[in-house]
Structure formats: structure tokens, C-alpha cells
Amino acid sequence: MTDGGDDEPGPTEWGADEVGVGPWPGGPAAWPDDPRLDPELLAGGDRRNVVDRYRYWRREAIVADLDTRRHPFHVAIENLHHDANIGTVVRTANAFLAAAVHIVGRRRWNRRGAMVTDRYQHVVHHAGVADLVAWARAEDLVVVAVENGPGAEPLETTELPRRCLLLFGQEGSGLTPDAAAAADLVVSIAQFGSTRSINAGVAAGIVMHAWIRVHAV
């Protein structure tokens, strides 16, 4: 198990003329005496995709502050064929302040959909499902698999455990047999149209928000 990170520039930093703030007014003499603030951002402005409370903050300071407030649910997704949805999962997990995102299988994943939120969201790699489940058991997390199939409980009428690991399968093929067998609870998302499944990134957002509705609002 490793904690991943990427310091490479993201696909966009949200356009210097559209988002954020310019240099701190008054120059260096007027800079606040706050170790959380980044001198380069104070001097050049902060055009990052962050909420206003984190303007001019160092990235490490933002992560440290988020760590004091993270929710006790984790998200895991199997990455057998470079699933393009993982970036979306990471971005949504950051929005809902998940404890961490766990990627199972291939280490490499497409960061484009994360929109640089992986800089602030803990992302952990596991070689296989067995490693993930062993870690979850050690952390006393309930493994909740998300899969539309026989025996699944409707998400709409199921209260998700507070301390849990939400486990999603590969886009198209769904959960592997090992992942499905490891689940303590399997939930499904109600669908009313013609297709048999929905996008894995969308499914992850729906389930995370279901957790938020019960435990964080």
C-alpha cells in the first residue's frame, strides 16, 4: 500500500483572468505573519481552484487543515484497465472530504478528470483486493460494495455505516468476484431507464452523497 501524489501541472489551473486573486495588496511589507501562507502566491497571486478560505495557503497547509476535518469513509475503485473514471472519483471524494481514495490494481491512472484535486486528496494504491480488504479489516471499516445485481440492498432505503469503505468496480465489467465476495454489504442504485448500469464516476458520487446526507448534514 502506498500513498500516491503528483506534482506535475494539472490539465488546467483555471485561467488566471477568471478565478482567484492577484498579489497581496501593499507588497511584502503588508504580508500577514502566517506560516500557512506561501510567499510565491502572496507575490504573484493565487489562481488555483481552491475555496476562498485557502487563498494564498501552501498546499501542505491546506492538506493539514483538511486532515483535521475528513469524514470517516473511504472510497476504493478497481483499476484493471486504466479506468478513465478514477479522476472523477478523486475529484468527488475531495468535494465530500473522504478520508482517502484507494486504487486497486494498476498503479497508473488518468489524472485529467481529477482537475488537480489529487493534490489535496489522499490517494492510496493497493496491488490487489486482498491487500485492500486486509487494510480495511485492520481499520475496522465496513466494506460496502456497490453493484446492481441479485441480493443487493437498495441504496435509497439503506443507511450506510459511518465508518466504511465504499467499493466500486471497473467501468463496464463491474466488481471482480474477489471484490464482491469481500463485501460486508452490497448496495444498488435505483435506475429507471433502458441501460443496465451507470457510469462508475457518477455512481461513486451518488453513493458518497448518500453517506453525506446521513452522517454529515
Ignoring hydrogens, what is the shortest heavy-atom contact between [X] and [Y]? Give both atom names and the distance.
X	Y	result
Thr176	Val129	OG1-CG2, 4.1 Å
Ala200	Gly169	CB-O, 4.2 Å
Ala182	Val133	CB-CG2, 3.4 Å
Pro25	Ala30	O-CB, 3.5 Å
Pro32	Leu42	CD-CD2, 4.5 Å
Arg70	Ala99	CD-O, 3.6 Å

Could you note down all residue pairs passing salt bridge (Lys or Arg N to Asp or Glu O under 4.0 Å) where [range] supplies at least one of them, sequence neighbours left out?
range	answer
residues 135-145	Arg137-Asp184
residues 208-217	none
residues 142-169	none

Determine yes or no for a side-chain-to-main-chain donor-acceptor pair under 3.5 angstrom, with [X] supplying the side chain and [Y] the backbone.
X	Y	value
Arg55	Gly45	no
Arg36	Ile62	no
Arg48	Tyr54	yes
Asp46	Tyr56	yes
Arg58	Pro35	yes
Asn79	Arg106	yes

Say whether [X] and [Y] are linked into one hydrophobic cluster, either directly or through other cluster members, by side-chain heavy-atom distances under 4.5 angstrom.
X	Y	answer
Ile198	Ile86	yes
Val50	Val21	yes
Val217	Met208	yes
Val51	Leu41	yes
Val123	Val63	no

Stepwise side-chain contact (heavy atoms from CB on, under 4.5 Å) check, Thr92 with Val90: CA-CA 5 Å; Thr92 308; Val90 171; over 6 Å; no

Can you find a heavy atom in the side chain of [X] that is under 4.5 Å from one in the side chain of [Y]?
X	Y	answer
Val75	Val89	yes
Val143	Cys164	no
Ile103	His126	no
Phe73	His215	no

Supply the atom-to-atom distance [X] [atom1] to [Y] [atom2], rounded to the nearest 0.5 angstrom.
X	Y	atom1	atom2	result
Leu141	Leu165	CG	CG	6.5 Å
Asp38	Trp57	CG	CH2	13.0 Å
Arg91	Arg112	CZ	CZ	13.0 Å
Leu167	Leu175	CG	CG	5.0 Å
His122	Leu66	NE2	CG	8.0 Å
Asn199	Ile206	CG	CD1	9.5 Å

Ring pair (Phe, Tyr, Trp, His ring centres under 6.0 Å) involving Phe168 - partner list, sequence neighbours excluded: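 Ring pair (Phe, Tyr, Trp, His ring centres under 6.0 Å) list for Phe168, sorted by chain: empty.
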
- request: Could you check Gln121 against Leu97 for side-chain contact (heavy atoms from CB on, under 4.5 Å), going step by step and ending with a plain yes or no?
  value: CA-CA 8 Å; Gln121 177 63 52; Leu97 205 57; 5.7 Å; no

- prompt: Between Arg53 and Asp65, is the closest basic N to carboxylate O distance under 4.0 Å?
  reply: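 Salt bridge present between Asp65 and Arg53.
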
field: Set of residues satisfying side chain to side chain donor-acceptor pair (under 3.5 Å) with respect to Asn94, sequence neighbours excluded
entry: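 None.
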
- prompt: Residues in side chain to side chain donor-acceptor pair (under 3.5 Å) with Thr88, at least two apart?
  reply: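 Expected list: none.
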
Step-by-step side-chain contact (heavy atoms from CB on, under 4.5 Å) determination, Val124 to Leu132: CA-CA 10 Å; Val124 183; Leu132 172 71; over 6 Å; no

task: Quick one: do Val207 and Leu160 satisfy side-chain contact (heavy atoms from CB on, under 4.5 Å)? Show the steps, please.
output: CA-CA 9 Å; Val207 179; Leu160 296 172; 4.0 Å; yes

message: Using a 6.0 Å cut-off, check whether atom CD of Gln191 has over 12 heavy atoms from anything other than its own residue.
response: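 It does: Gln191 CD has more than 12 such atoms within range.
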
query: What orientation do His71 and Trp211 show, parallel under 30°, tilted 30 to 60°, or perpendicular over 60°?
result: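 The arrangement is tilted - the two ring planes meet at 30° to 60°.
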
message: Please confirm whether the ring centroid of His125 lies under 6.0 Å from the ring centroid of Trp109.
response: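 Ring-ring flag for His125/Trp109: false, centres at least 6.0 Å apart.
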
